[in-house]
Amino acid sequence: MKNSIKPTGKEVRFNDREMIISKSDLSGRVTYANRCFMRVANYSETQVLGQQHSLIRHPDMPRGVFRLLWDTLQQNREFFGLVKNMNSDGDFYWVFANITPDCDLQGNIIGYYSVRRPAPASAVRVIEPVYRRMLEIERNEPKNEAPLASLAYLMELPAQEGLSYDQFILNLYQQGERQ
Amino acid sequence: MSQAMRSQTSRHSPFLNQKFIICCTVFVTLNLLLAGWQMLTLGFSWPQVLVPCISIAFSLYAIAHSKRPIATLNQMARVILSCREGDLHQRITHTAGLGEVGKVAWELNEFLDLVETYFKEINTCFGMVAERKFYRRALSAGLPGEFATSLSHINQAITAMEENTRYVMRNRLSSSLHALNTSNLLTNLRGNQNDLNVVAAEIESVAAIAERNRDNAHDSRQEVDQLNDSLAHINERMQSMAESADALGNASGSIGQALRIIAEIAEQTNLLALNAAIEAARAGDIGRGFAVVADEVRALAHRTKQATGEISGIIGGFRERVGVMVEQTLSTGQQSAKVSAQVDAFRSRFSEFASSSQSTIEQLSRAKDLSFASRVKMDHIMYMQNAYARVEGTDSQYGIDEGSPQDWYHNGTGQALFGQTRAYRDLERPQSDMHQAVAKAMDLSAQDWESDEQVHDGIVNAFNSAEGASREVIRQIGNMVDEKHRAQA
């Protein structure tokens, strides 16, 4: 289904009072999506449940970002990221994603919980060229080394400002939010 | 779930699906009864068979159809139950086409989304705060009403915690440095205190030397005075000896003169005797006897002249010797005068030496008092430092009363040294004030100053007044030394 969708370059938006929320199991299969998710991604519940989260992945997203996402979650830490998603019509929407591990009462990770808020335009302006450059890097690297190579480039940005990646992304989000 | 669902109030009333099955069963049974009764009274007809069959089929369909919403309701019950047990992860899925039940399920899902997001935010933020990372603030965007308000309050709390952590860190650094400083300060002060004790002992021994010097100089001056007296005595004697010799010389001169007169008399006697002899020769025999007398007189005159010549020679030698003696006496007198002058110089030097020894002793006594006062001041500083260290719990190796600054005041040392000064008497009040203030701080420090602000302020105030009193004590100690030495000067 996803391979057949062509990006249209059209943007869909959701408002500040909304959050796209979904849950997935440990392998990344969707176990719950809220109505905002279904409306923006334009999928029905049955189309989404049981599918990989990559269902809504936009081809403009470098794989390095998802590598960072999984590495972070494996360490039982929350992940922040500016992510460009694609709905069933091929339209894109930028989100500021916060993904946290779901733990049961014994503390075992049983899945992941993802909250996406609208990404501020100013943050998108900063990150878009970074992702383009990461894609370029990935195209020039062997397939299994590409994500690490582009991730190394991504990590240079916060390091230049003496920040952690989380601080960098949160700053981008909060500066945009204030505008 | 059924265990929990069957509370005391609902134990006797059946569940919806049971009610529904009962209704369907009653409905079908009534239909069957009606059809059976009609068949018995009116005889067989197809509708009497068909209608019950259709109603059975319809009931079965209805029961089957009611299973999904009922199952969804049960699922909702399970979800709410696990929420009650603290597990917010469950959601209700596959609710399409369930109408009102589906709508309620979605509302429950999205309510849980809000609750879970809220708690995730709080947990993550505080987890980061526990790691001392304060940049992660709760994200309230997308959360409505009370949720967002609560998160923004939490963000305020995190800001306060961040400030507090900074404050605590700063405090910890300054208190670590302070503790380090205090313990070193105490060690250094202890070293200074020892130095001052050594200085006092040195001054003491130098003062003893100076006193010995002064006494020796006094003794020497007295001896020189005696020597001087003896010399003066010798001089006097020399003087009178010279005068005697002079008189002797003069006397021998008079003797010479007398001798010359005697010699002249002898000469004239000789001439007379000669004349008498001539006259006697002219008188012949009558004069013979006279001539003998005249000869005898001439012989006498001759012997007299001889004798005067001899005496004159002796007197001459005598005078010569007297002259030498006078000369020697004079030069001895001169030398003794020279010695006398030198002894005088000695004498004034010994006097100077004695008076400089005396002023050395006076200065040393001032220096001794100053060093004593310094030590007392040092004791004071150490006392205050010990008090601080005790309250802060940074130093327990020295007791608070060790080298108590009041010891000198009450054990007679101070009374002996400064008892006559006004400042010494004025010290009593600030000393006891300071002692009381420190004792008060000690008492308060045993209380819960870490959480009770009043106790905390009490300690600070007590130390403040202890410092004020201590300053006064130190000022009065200075005055005490000045006053004593002004009085002596």
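Reckoned from all heavy atoms, side chains included, excluding hydrogens, waters and symmetry mates. Small disclaimer: the values here were computed from a predicted structure and weren't measured. Chain identifiers are assigned alphabetically (A, B, ...) following the order of the sequence lines, protein sequences preceding nucleic acid strands; residue numbering begins at 1 within each chain.
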### Task
Nearest 0.5 Å please: distance from the CD atom of A:Q174 over to the CG atom of B:L139.
6.5 Å

### Query
Which atoms of A:R35 come close to chain B, meaning under 4.5 Å heavy atom to heavy atom: side chain ones, backbone ones, both, or neither?
both

### Query
So does A:Q74 have more than 12 non-hydrogen atoms from other groups sitting under 6.0 Å from CD?
yes

### Query
Is the number of heavy atoms from other residues, nucleotides or ligands under 6.0 Å of B:E453 CD greater than 12?
no

### Query
Do A:M19 and B:L143 have side-chain heavy atoms sitting under 4.5 Å apart?
yes

### Message
Using a 6.0 Å cut-off, check whether atom CD of B:E131 has over 12 heavy atoms from anything other than its own residue.
### Response
yes

### Query
After noting the C-alpha distance and the side-chain angles of B:R136 and A:E78, does the key distance pass the salt bridge (charged side-chain N to carboxylate O under 4.0 Å, His left out) rule?
CA-CA 11 Å; B:R136 173 65 166 100; A:E78 68 172 340; 2.5 Å; yes

### Message
Counting heavy-atom pairs under 4.5 Å with chain B, which one of A:T46, A:T31, A:N34 comes out on top?
### Response
A:N34

### Query
Can you pull out the residues in residues 58-68 of chain A with any heavy atom less than 4.5 Å from chain B?
none

#### Entry: Closest approach of B:A141 to A:Y173 (non-hydrogen atoms, all atoms of both residues)
CB-OH, 3.4 Å

## Note on the structure
What one should report as the nearest heavy-atom pair of A:D166 and B:Y135 is CB-OH, 3.8 Å

### Query
Counting heavy atoms not belonging to A:R17, are there more than 12 under 6.0 Å from its CZ?
no

### Message
Please determine whether the number of non-hydrogen atoms from other residues, nucleotides or ligands lying under 6.0 Å from atom CD of B:E146 exceeds 12.
### Response
no

### Query
Is any side-chain heavy atom of A:V115 closer than 4.5 Å to a side-chain heavy atom of B:E121?
no

#### Entry: Most chain A-contacting option - heavy-atom pairs closer than 4.5 Å, from B:T93, B:L88, B:N109, B:D113
B:D113

### Message
Do A:L49 and B:H94 have side chains that approach each other closer than 4.5 Å (heavy atoms only, starting at C-beta)?
### Response
yes

### Value rounded to 0.5 Å, distance of NZ in B:K120 from CD1 in A:I99
11.0 Å

### Task
Check B:H89 against A:K23 and note the closest heavy-atom contact, atom names and distance.
O-CE, 3.1 Å

### Message
Testing the basics here: between B:T117 and A:R117, what is the closest heavy-atom pair and its distance to 0.1 Å?
### Response
CG2-NH2, 4.0 Å

### Query
Is there a side-chain contact between B:M128 and A:R77, using heavy atoms and a 4.5 Å cut-off?
yes

### Task
Select one option (side chain, backbone, both, neither) describing which atoms of A:D102 are under 4.5 Å from chain B's heavy atoms.
both

#### Entry: Approximate separation, where rounding is to 0.5 Å, of B:T124 OG1 and A:N98 CG
6.5 Å

